[in-house]
Enquirer: 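Here it is, the structure, as structure tokens.
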Amino acid sequence: MERQVRVRFAPSPTGPLHIGGVRTALYNYLFARRHSGVMILRIEDTDSQRFVPGAEDYIIESLKWLGIEIDEGVGHGGPHGPYRQSERRDIYRKYVKQLLDNDKAYIAFDTPAELEVARNSKPNWQYDSTTRMSMRNSLTMPADEVKQLIENGEKYVVRFLIEPGRDVEVNDLVRGKVIINSSVLDDKVLYKSTDDLPTYHLANIVDDHLMEVSHVIRGEEWLPSAPLHVLLYEAFGWTDTMPQFVHLPLLLKPDGKGKLSKRDGDRLGFPVFPLEWHDPASGAISSGYREKGYLPQAVVNFLALLGWNPGDDTEIMSMDELINKFSFEHCSKAGAKFAYEKGKWFNHHYLQEVDDLTLAEKFKPILEQHGVNQANFTDEYIAKAVAMVKGRINFVGDLWEQAAFFFVAPTEYDPKAVKKRWSEEMPRIMTELIDVLKGMPSWKSSEAEPIVLGWIADKGYHLGNVMNAFRLTVVGECKGPHMFDITELMDPAETIRRIEAGINNIKPTE
RNA sequence: GGCGAUUUAGUGUAGAGGCCUAGCACGCCGCCCUCUCACGGCGGAAACCCGGGUUCGAAUCCCGGAUUCGCUACCA
């Protein structure tokens with residue numbers, strides 16, 4: 001009988017959630033939903049040194065924005081709580097004691113300085129079966145002395161006793177069997193002396209077991225310690241319910257080498273965090289996908305395809321479609337360079353699906369920023385302007401660059417366009433154009449176009465030159481939607497004003 | 001250094017012995033559309049890490065090497 005699928009996303013609140021972490025969360029979520037399972041959010045705050053206030057809320061808000069729903073965990077409750085590791089001290093103490101009582105672990109008094117000396121003593125020194133008997137621990141010291149030291153308040157850690165010479169097998173759902181010999185593992189610290197908390201390894205195993213986690217889906221950086229975790233399940237006698245392991249390929253720098261980092265984002269100009277983050281200590285601000293103008297579904301779709309594919313050529317997929325198609329069989333094994341440019345394309349795509357009125361709402365604050373008085377424009381006007389240019393934007397923020405002329409008259413004219421299109425006779429022709437325009441029964445594009453084009457033809461003018469000069473006065477440069485679509489939307493009086501301004505202000509080159 | 005993982009165009013990937021003269025997408029280039037810039041449509045350049053095997057036949061299987069990445073903390 002199949003176990004119920006229960007997965008967990010277990011970040012450390014040491015700062016904003018990294019985009020790689022977001023992808024890990026996403027894959028956990030997709031897998032959980034695919035199998036009608038449970039998604040748990042556990043906060044692994046066992047490193048009191050690196051704890052950052054606000055990070056936990058940030059994580060929760062990020063997941064919410066992306067549409068990654070949590071069923072159980074911090075901020076949601078559930079039957080296996082608490083879900084914050086710092087609140088589970090008593091639980092860990094109990095299990096550490098169990099290991100100690102069964103001789104699966106031992107107490108070690110070695111100070112950081114002593115360990116440093118040992119590590120420098122020879123090249124590949126590690127605390128293991130070959131060295132532990134020459135260190136200061138409960139294996140080498142008489143029981144009463146150990147007891148005495150503890151009573152005296154001497155600091156100590158608990159180390160896992162690893163037996164050498166065993167091939168430990170990790171069955172990974174994307175990589176197959178990974179075998180490593182226990183001799184290369186060291187006696188990992190399970191319980192720290194510094195903050196009275198367990199290390200990741202112990203807390204992780206205990207919690208996954210207690211929370212009945214069926215699949216551990218995490219980044220590849222954990223693969224080397226997976227054998228240790230297998231050994232811990234054995235030591236506790238939990239092998240029958242040990243979760244399946246899945247180690248996801250890492251997200252790499254777009255250009256150079258190595259893991260994607262915060263610095264790459266600064267350097268290359270793209271966010272590496274879902275939401276904007278204000279560092280409480282330094283006050284530094286890191287940009288986020290949300291604030292940059294990304295739609296959550298674009299980020300999700302983009303991230304999903306970095307290390308996974310549906311098995312066919314489909315690329316545009318909603319969360320539901322991703323859930324339906326997700327499986328580890330189609331996960332890749334090698335790290336994926338962070339293809340930021342493709343992310344833009346996804347956003348462009350999803351932006352086209354947003355209706356114009358909604359887009360107009362998002363555009364309003366930007367108009368405000370540029371000093372546009374919105375009272376002068378109806379929602380419908382803004383929406384129509386947006387509709388005409390949205391095909392050429394990747395972000396809502398690009399709307400200003402593309403559609404500003406709908407709201408403000410040009411204050412300068414593109415010199416290259418002036419040189420190419422504004423000849424000596426243009427002021428005269430534009431004056432004629434004003435008359436033609438004023439004589440039109442309608443500014444509707446379909447009616448205005450034949451009239452103006454007819455006039456140009458009758459006079460024998462050069463179509464391209466006249467139309468571009470016209471465009472120059474209205475837009476300020478040679479770009480944008482079709483002229484008659486623009487003038488249909490704009491206030492006719494404003495169009496005339498702009499042509500007049502152009503006649504007065506544009507000077508032919510030379 | 002040790003251990004592990006990894007390897008298809010610039011990038012993300014499809015491909016599970018003959019269907020591959022290697023597909024798709026982003027990006028790039030060109031053409032078309034056209035009053036402009038875009039969008040869109042069409043087209044193009046561009047890849048199986050290397051060397052040995054196995055086989056009638058290998059991107060796909062085996063071996064060796066190289067590459068890249070990760071881990072190697074009382075961090076996760």
Side-chain angles (χ1 to χ4, degrees), chain A residues 10-14 44-47 49-50 108 110-112 115 119 123-124 126 155-159 170 172 174-175 178-181 183-186 188-201 203-204 218-227 247 249-250 252-255 257-259 302 305-316 329-330 332-346 348 352 388-393 402 414 417 420-421 449 452-453 456 462-472 475 477-484:
Chain A
S12 285
T14 54
E44 308 218 325
D45 54 350
T46 54
D47 186 353
Q49 314 294 315
R50 292 202 303 156
D110 318 274
T111 64
L115 289 170
R119 288 195 177 105
N124 290 321
Q126 64 176 15
K155 292 280 189 187
Y156 66 89
V157 299
V158 176
R159 284 183 182 273
V170 178
D172 186 289
V174 338
R175 288 154 212 282
V178 176
I179 296 165
I180 193 167
N181 195 283
S183 297
V184 305
L185 266 24
D186 66 335
K188 273 274 176 298
V189 170
L190 260 22
Y191 208 85
K192 300 181 272 184
S193 68
T194 47
D195 48 14
D196 193 32
L197 278 165
T199 57
Y200 168 87
H201 306 290
N204 177 69
R218 72 233 298 193
E220 191 184 358
E221 70 267 29
W222 291 110
L223 190 54
S225 50
H247 291 95
L250 265 15
L252 274 19
K253 295 179 192 301
D255 53 353
K257 304 161 183 310
K259 259 204 292 190
F302 166 52
L305 259 12
L306 244 31
W308 173 83
N309 69 80
D312 55 36
D313 291 337
T314 315
E315 293 210 286
I316 299 297
E329 273 123 70
H330 284 107
S332 37
K333 300 179 174 105
K337 284 194 175 153
F338 193 69
Y340 178 67
E341 285 300 322
K342 193 147 186 179
K344 285 189 193 170
W345 175 76
F346 275 107
H348 169 86
Q352 307 313 307
M388 274 189 243
V389 302
K390 71 172 178 182
R392 56 190 79 198
I393 61 165
Q402 298 299 331
D414 176 30
K420 186 171 180 193
R421 305 293 190 179
E449 179 164 357
V452 175
L453 263 36
I456 292 171
H462 185 280
L463 179 69
N465 285 349
V466 175
M467 287 306 295
N468 278 295
F470 181 18
R471 177 179 293 279
L472 200 50
V475 178
E477 51 190 317
C478 291
K479 69 164 201 187
H482 283 267
M483 265 323 282
F484 297 105

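Naming convention: chains lettered A, B, ... in sequence-line order (proteins, then strands); numbering from 1 in each chain.
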Enquirer: Would you find a donor on one side and an acceptor on the other, under 3.5 Å apart, between the side chain of A:His348 and the backbone of A:Ile393?
Expert: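 Indeed, once roles are kept as given, a pair shorter than 3.5 Å links the two residues.
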
Enquirer: Pick the C1' atom in B:U8 and in B:C20, then give their distance to the nearest Å.
Expert: 12 Å

Enquirer: Would you measure the distance from the C1' atom in B:G41 across to the matching atom in B:U54 and give it in whole Å?
Expert: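 Those two atoms are separated by 48 Å.
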
Enquirer: Taking a pair as Watson-Crick or G-U wobble with both distances under 3.5 Å, which nucleotide is matched to B:U21?
Expert: none

Enquirer: Which is true for A:Thr14 with a 4.0 Å heavy-atom rule: it touches a base, it touches only sugar-phosphate, or it touches nothing?
Expert: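 No contact at all - A:Thr14 keeps every heavy atom at 4.0 Å or more from the nucleic acid.
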
Enquirer: Between the side chain of A:Asn468 and the main-chain N/O of A:Gly464, is any donor-acceptor distance below 3.5 Å?
Expert: yes

Enquirer: For B:U60 versus B:C42, give the span between their C1' atoms, rounded off to a whole number of Å.
Expert: 33 Å

Enquirer: Regarding A:Thr194, tell me which of base, sugar-phosphate or nothing describes its non-hydrogen contacts under 4.0 Å with the strands shown.
Expert: base

Enquirer: Quick one: look up who B:A46 pairs with, Watson-Crick or G-U, both distances under 3.5 Å, and put none if it's unpaired.
Expert: none

Enquirer: Which value, in whole Å, describes the distance between the C1' atoms of nucleotides B:C61 and B:C24?
Expert: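 That atom pair is separated by 27 Å.
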
Enquirer: Rounded to whole angstrom, note down the C1' distance from B:C26 over to B:C63.
Expert: 37 Å

Enquirer: Walk me through whether A:Asp196 and A:Tyr191 qualify under side-chain hydrogen bond (donor to acceptor under 3.5 Å, both in side chains).
Expert: CA-CA 7 Å; A:Asp196 193 32; A:Tyr191 208 85; 3.2 Å; yes

Enquirer: Determine whether any donor atom in the side chain of A:Lys479 lies under 3.5 Å from an acceptor atom in the base of B:A38, or the reverse, and answer yes or no.
Expert: no

Enquirer: Quantified in whole Å, what is the C1' atom distance between nucleotide B:C39 and nucleotide B:C32?
Expert: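 The answer is 14 Å between these two C1' atoms.
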
Enquirer: Does atom NZ of A:Lys479 have more than 12 heavy-atom neighbours from other groups under 6.0 Å away?
Expert: yes

Enquirer: Just checking A:His247: base, sugar-phosphate only, or nothing, at a heavy-atom cut-off of under 4.0 Å?
Expert: nothing

Enquirer: Who does B:A5 pair with, Watson-Crick or G-U, both distances under 3.5 Å?
Expert: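 By the stated definition (distances under 3.5 Å), B:U68 pairs with B:A5.
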
Enquirer: Using the C1' atom in both, what is the distance from B:C56 to B:A14, to the nearest Å?
Expert: 28 Å

Enquirer: Between B:C69 and B:G51, how many Å separate the two C1' atoms, rounded to a whole number?
Expert: 23 Å

Enquirer: Pick the nucleotide of RNA chain B nearest each of A:Gly311 and A:Arg471; which residue has the one closer to the 5' end?
Expert: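 Its nearest nucleotide being more 5', the pick is A:Gly311.
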
Enquirer: CZ of A:Phe302 versus P of B:U11: gap in Å, rounded?
Expert: 15 Å

Enquirer: Is the A:Tyr340 to A:Phe302 ring centre distance short of 6.0 Å?
Expert: no

Enquirer: If we call it a pair only when both distances are under 3.5 Å in a Watson-Crick or G-U wobble match, what pairs with B:C31?
Expert: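 B:C31 is paired, partner B:G41.
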
Enquirer: In whole Å, I'd like the distance from the CG atom of A:Leu453 to the P atom of B:C35.
Expert: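 Whole-Å distance recorded here is 7 Å.
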
Enquirer: Which residue, A:Pro198 or A:Asn124, contacts RNA chain B at a nucleotide closer to its 5' end, judged by nearest heavy atom?
Expert: A:Asn124

Enquirer: Have a look at A:Asp110 and say if it touches a base, only the backbone sugar-phosphate, or nothing, with a 4.0 Å heavy-atom cut-off.
Expert: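 The answer is base, as A:Asp110 lies within the cut-off (heavy atoms under 4.0 Å) of a base atom.
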
